Asks: 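First the structure, which I've put down as structure tokens, then a few questions once you've had a look.
In this text, all values refer to a predicted model and were calculated from it rather than measured experimentally. In what follows, chains are A, B, ... by sequence order, proteins preceding strands, each numbered from 1. Basis for what follows: all heavy atoms, side chains included, without hydrogens, waters or symmetry-related copies.
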There are 2 protein chains.
Amino acid sequence: MKSCQNVQESGVSVQQPIAILDSGVGGLTVVKEVMRQLPREKIMYFGDTARTPYGPRPAEEVTRFTRQIVEYLIQYRPKMIVIACNTATAVALEDIRSRVAIPVVGVIHPGARAANGRTQTGMVGVIGTEGTVRSGAYEQALKQLSPSTQVYSLACPRFVPLVERGNFRSKETFDVVESSLQPLKERAIDTLILGCTHYPFLSETIASVMGKDVALISSADETAREISTILHDRNRLTREGELPVHQFFCSGDPRMFRMIAQEWLGEQIELTPVVWQVPKIV
Amino acid sequence: MKSCQNVQESGVSVQQPIAILDSGVGGLTVVKEVMRQLPREKIMYFGDTARTPYGPRPAEEVTRFTRQIVEYLIQYRPKMIVIACNTATAVALEDIRSRVAIPVVGVIHPGARAANGRTQTGMVGVIGTEGTVRSGAYEQALKQLSPSTQVYSLACPRFVPLVERGNFRSKETFDVVESSLQPLKERAIDTLILGCTHYPFLSETIASVMGKDVALISSADETAREISTILHDRNRLTREGELPVHQFFCSGDPRMFRMIAQEWLGEQIELTPVVWQVPKIV
């Protein structure tokens with residue numbers, strides 16, 4: 001990953017894009033919030049739809065995939081990298097931070113920080129993929145901030161496939177969400193972290209199942225806010241110029257990606273399909 | 001201010017304190033939130049109660065006072081400086097940022113960022129001191145993020161003296177708040193920034209006057225959150241150790257400061273009075 005190391009922060013212009021990556025379409029929830037909160041910033045998004053979901057994969061494989069996407073995006077000289085995938089953040093954030101000279105933001109600490117600020121009782125729930133929950137990354141982040149926090153984590157492996165198929169509001173979706181969240185409803189949590197960037201697609205359903213006394217924290221929304229904070233702290237916010245044209249890349253079926261992205265973002269997108277080279281078997 | 005320039009960020013330990021300064025007791029609202037959100041972090045607070053309020057003072061004078069406090073605090077080698085005073089942030093943030101090698105955080109951008117994320121209608125109100133409103137700093141920060149935001153600013157010069165006298169919930173306070181906010185009630189804002197760190201002391205009254213359809217943004221709470229984000233981004237969060245003992249300094253009457261601080265923070269404080277040397281007239 002030599003190319004990454006050549007990118008020195010001091011040489012990066014504020015006009016350069018923010019690179020956002022995910023295993024699939026989930027990171028679009030971060031994109032939507034960055035577009036809303038930072039309309040002047042140019043975004044470059046990579047959805048690894050050919051290899052989604054990352055949740056059940058071994059950590060080594062997720063790290064390898066994440067490095068590969070970063071290597072692809074870094075050629076466009078972004079000013080920041082956002083790992084908009086909880087699974088990849090949990091296993092690969094520190095690895096990527098150590099390899100590139102620009103700021104790298106994951107989605108776990110922003111969600112943990114917001115939940116830590118919001119909870120009154122100190123009883124916080126986290127839902128995520130198997131990989132995220134197994135990593136214990138949210139629990140670690142929450143307890144690092146406030147050691148007395150009680151954390152209840154639950155893997156919801158059936159949510160991502162629903163979202164990747166564009167199935168957001170059906171009866172099937174409601175039933176899956178309701179039965180999956182049952183173990184958490186028995187806990188006296190007052191705050192629930194949507195610890196997967198796919199889950200905001202299902203947030204209406206999740207809210208209706210959990211009831212109004214549980215505050216939902218979208219790691220996507222909170223990450224957009226922290227992107228703004230960090231770019232400001234580092235004097236890297238775009239201050240002027242034309243409204244940007246964003247660029248999207250996906251490694252799988254471009255029709256499905258385009259359909260979901262355009263519905264979610266409410267606008268047409270510029271999409272470039274990317275084909276991963278499969279190593280030849282000799 | 002040579003001493004400031006000698007503090008290199010790389011030489012600062014994570015165990016060093018966060019230095020927080022204000023014209024008086026207002027910055028204690030930031031302190032309370034930092035204590036809640038980051039209980040492991042040691043805080044060093046300076047309230048310039050001998051010279052409060054800063055709001056009506058000329059910009060040059062506020063800048064000079066702020067530099068003087070920073071010079072005082074920097075001898076303790078803090079890892080970050082927080083200007084927990086909107087007036088001082090508005091006029092002196094960039095000056096202080098250019099003078100010290102550690103991160104310097106003000107209270108205006110965190111509040112603006114939170115309001116920008118929260119508003120649905122793009123109609124945002126800001127209340128602050130005369131100095132803050134005159135500076136246009138919130139409007140500039142909000143429009144830099146989202147150029148289409150409509151900002152309605154209102155100076156409330158009678159609020160700070162009420163707080164500095166510890167007068168939070170009297171009939172007099174209600175009447176002052178109600179009559180002061182009247183011009184803003186005629187605007188269709190959906191979000192109101194408490195653009196002075198003193199105002200959270202009055203937040204219950206302000207909320208009851210503005211009604212439940214207006215979301216209040218406390219620049220104090222939001223600043224605590226951003227302190228956490230920036231320390232994390234820079235690998236400067238304290239990760240372990242005993243619970244810290246905080247240190248407080250004030251330049252005016254220590255009895256009044258102690259009374260307000262202990263009521264607001266709900267615990268005893270270690271307070272050191274500081275006497276500014278008055279230049280001799282020759």
Asks: So which of B/Q37, B/H232, B/R239 has the biggest tally of heavy-atom pairs under 4.5 Å with chain A?
Replies: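 Result: the option with the highest number of such pairs is B/H232.
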
Asks: Please check if atom CZ in B/R118 has more than 12 non-hydrogen atoms from other residues, nucleotides or ligands closer than 6.0 Å.
Replies: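 No.
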
Asks: Are there more than 12 heavy atoms of other residues, nucleotides or ligands under 6.0 Å from atom CD of B/Q262?
Replies: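 Counting other residues, nucleotides and ligands, CD of B/Q262 exceeds 12 neighbours.
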
Asks: Applying a heavy-atom distance below 4.5 Å, give me the residues of residues 134-148 of chain A that approach chain B, sorted by number.
Replies: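 The residues closer than 4.5 Å to chain B, in numerical order, are A/K143, A/Q144, A/L145, A/S146, A/P147.
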
Asks: Compare all side-chain heavy atoms of A/R234 with those of B/D233 and state whether any distance is below 4.5 angstrom.
Replies: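 Of all side-chain heavy-atom pairs linking B/D233 with A/R234, at least one is under 4.5 Å.
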
Asks: Which answer fits B/T119, side chain, backbone, both or neither, if we ask what part of it has an atom under 4.5 Å from a heavy atom of chain A?
Replies: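 Contact with chain A: backbone only.
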
Asks: Enumerate by number any residue of residues 106-116 of chain A whose heavy atoms lie under 4.5 Å from heavy atoms of chain B; in the absence of such residues, state 'none'.
Replies: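 Within residues 106-116 of chain A, the residues under 4.5 Å from chain B are A/H109, A/P110, A/R113, A/A114, A/N116.
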
Asks: Any donor-acceptor pair under 3.5 Å linking the side chain of B/R36 with the backbone of A/G117?
Replies: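 Checking the backbone N and O of A/G117 against the side chain of B/R36, a donor-acceptor pair under 3.5 Å is found.
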
